[in-house]
Amino acid sequence: MRVLITGGAGFIGSHLAEALLDAGSEVQVLDNLSTGSIENIRHLKGRSGFHYHIDSVDNEPLLAELIDAADVVFHFAAAVGVKLIVEQPVHTIETNVHGTEVVLKHANKKKKLVVVASTSEVYGKSNNVPFRETSDLVLGPTTKHRWAYACSKAIDEFLALAYWKERKLPVIIVRFFNTVGPRQTGQYGMVIPNFVRQALAGEPVTVFGDGTQSRSFTHVADVVRALTALMKEPRAVGEVINIGNTEEVTIQELADRVIRLTGSSSRVKLVPYDEAYESGFEDMPRRLPDLAKIHAMIGYEPRHTLDDILHDVIRHFRTR
Ligand code: UDP
């Protein structure tokens with residue numbers, strides 16, 4: 001199998017690249033290193049079947065050539081991380097919408113399967129948990145930049161599904177729920193790498209808001225296992241599929257747990273949302289996936305608990 005991963009030097013993309021190489025696939029990575037890092041793929045360089053290109057999906061001649069040489073495309077190149085999105089809304093919208101447009105356009109020429117990375121962020125502030133793929137998306141006003149991310153990803157989903165409906169381009173849309181694991185950086189706001197770094201440095205662990213908001217975190221190894229099964233599943237084509245974990249935790253409890261597991265002397269510091277992000281910032285109170293669809297399709301169940309995730313991330317930070 002020949003696979004192209006846009007954003008393959010990113011956190012999830014690099015783990016996927018490794019798993020596909022292990023399974024004997026040939027892997028091409030296209031990444032402009034905007035949020036990805038060469039460090040993420042350094043251990044893959046020199047492996048047989050691995051090739052990478054430090055370039056953007058905006059380089060359409062290169063993109064077209066790479067898609068032409070692939071059997072499957074994972075389109076993971078995107079602007080991610082709430083902090084980045086709030087700080088650079090123009091970049092977010094342009095990258096996420098334009099990138100998907102050009103990938104789908106070129107994949108359509110020879111009808112190459114495209115797996116489009118979307119996000120649980122599209123469910124927005126809906127409190128109708130657990131979120132099913134058919135649930136309504138509840139977004140805030142356009143004056144709040146956070147929602148630009150969900151909206152840009154929703155457009156990507158609409159466009160991919162339109163290509164499937166109208167032009168028979170095979171697509172699979174996956175919605176990730178707070179994927180975490182080794183190599184994720186806290187630089188773009190993600191909570192677990194931030195808490196672990198703070199706890200190991202003995203700094204205050206910054207809980208935004210009052211800490212009662214909850215999330216369900218997914219180990220990147222579970223996500224990768226789901227992706228490699230879905231790409232071979234004909235029933236996944238034309239579908240939107242949640243990939244996540246149902247173990248829920250409040251952010252306050254998460255902070256306490258990180259402090260305990262690292263044996264840190266850090267204290268929790270509550271930081272108002274206005275200070276953490278921007279004035280009037282809206283967070284979602286809960287975000288929990290319904291996994292019935294992916295379970296029925298490929299028998300997926302998460303194998304890693306939150307404690308497994310925390311142990312792996314702590315070990316990663318300690319050995320860096
Ligand atoms: N968060 C926090 N402290 C941090 C970073 C994030 O309390 O240093 C909170 C954030 O406000 C949100 C949750 O942790 O409620 C998860 O944030 P993240 O950015 O990891 O993902 P999100 O679910 O918001 O996409």
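Counting convention: from 1, in listed order, for ligands and their atoms alike. Keep in mind that the numbers below use all heavy atoms, side chains included, and drop hydrogens, waters and symmetry copies.
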_Regarding E282 and K125, does a basic nitrogen lie under 4.0 Å from an acidic carboxylate oxygen?_
yes
*Identify the closest protein heavy atom to atom 23 (O) of ligand 1: which residue and atom is it, and at what distance?*
R215 NE, 2.5 Å
*Output yes when D71 and R2 qualify as a salt bridge under the 4.0 Å nitrogen-oxygen rule, no when they do not.*
yes
*Starting from atom 3 (N) of ligand 1, locate the nearest protein heavy atom and write down its residue, its atom name and how far away it is, to 0.1 Å.*
T206 O, 2.7 Å
*Would you please test D308 and H219 for side-chain hydrogen bond (donor to acceptor under 3.5 Å, both in side chains) and show each step?*
CA-CA 8 Å; D308 294 336; H219 196 294; over 6 Å; no
*Atoms of ligand 1 less than 4.0 Å from V207 heavy atoms?*
7 (O)
*Is there any N or O on N178 that sits under 3.5 Å from an N or O of ligand 1?*
yes
*Would Q198 and T206 count as having a side-chain donor-acceptor pair, cut-off 3.5 Å?*
yes
*Please identify which atoms of ligand 1 are closer than 4.0 Å to at least one heavy atom of G189.*
5 (C), 6 (C), 19 (O)
*Starting from atom 13 (C) of ligand 1, which protein heavy atom do you reach first, and at what distance in Å?*
I251 CD1, 3.7 Å
*asked:* Side chain or backbone, does F195 bring an N or O within less than 3.5 Å of an N or O on ligand 1?
replied: no
*How far is atom 7 (O) of ligand 1 from its nearest protein heavy atom, and which residue and atom is that?*
F208 N, 2.7 Å
*Of all pairs that satisfy salt bridge (Lys or Arg N to Asp or Glu O under 4.0 Å), the ones with a partner from residues 162-175, not counting sequence neighbours*: E157-R175
*Aromatic rings Y277 and Y273: how do their planes relate, parallel, tilted or perpendicular, breaks at 30° and 60°?*
parallel
_To check your reading of the model: name the closest protein heavy atom to atom 17 (O) of ligand 1, its residue, and the distance in Å._
V191 CB, 4.0 Å
_Does any N or O of ligand 1 fall below 3.5 Å from an N or O anywhere on M190, backbone included?_
no
*Please state which part of R287 comes within less than 4.0 Å of ligand 1, counting heavy atoms only: side chain, backbone, both or neither.*
side chain
*asked:* Against ligand 1, does R146 come closer than 4.0 Å with any heavy atom?
replied: yes
*asked:* Counting only nitrogen or oxygen atoms and a 3.5 angstrom limit, does Y273 reach ligand 1?
replied: no
_Can you tell whether the side chains of R183 and E18 come within less than 4.0 Å, N to carboxylate O?_
yes
*Would you say F176 and F76 make side-chain contact, with heavy atoms under 4.5 Å?*
yes
*Residues, nucleotides or ligands: over 12 heavy atoms within 6.0 Å of R47 CZ*: yes
*Only one of E65, H51, H53 passes side-chain hydrogen bond (donor to acceptor under 3.5 Å, both in side chains) with Q28; say which it is.*
H53
*Under 4.0 Å from a heavy atom of D283: give me the atoms of ligand 1 that qualify, with their elements.*
11 (O), 12 (C), 15 (O)
*Distance to 0.1 Å, residue and atom name: give those for the protein heavy atom nearest to atom 11 (O) of ligand 1.*
Y277 OH, 3.3 Å
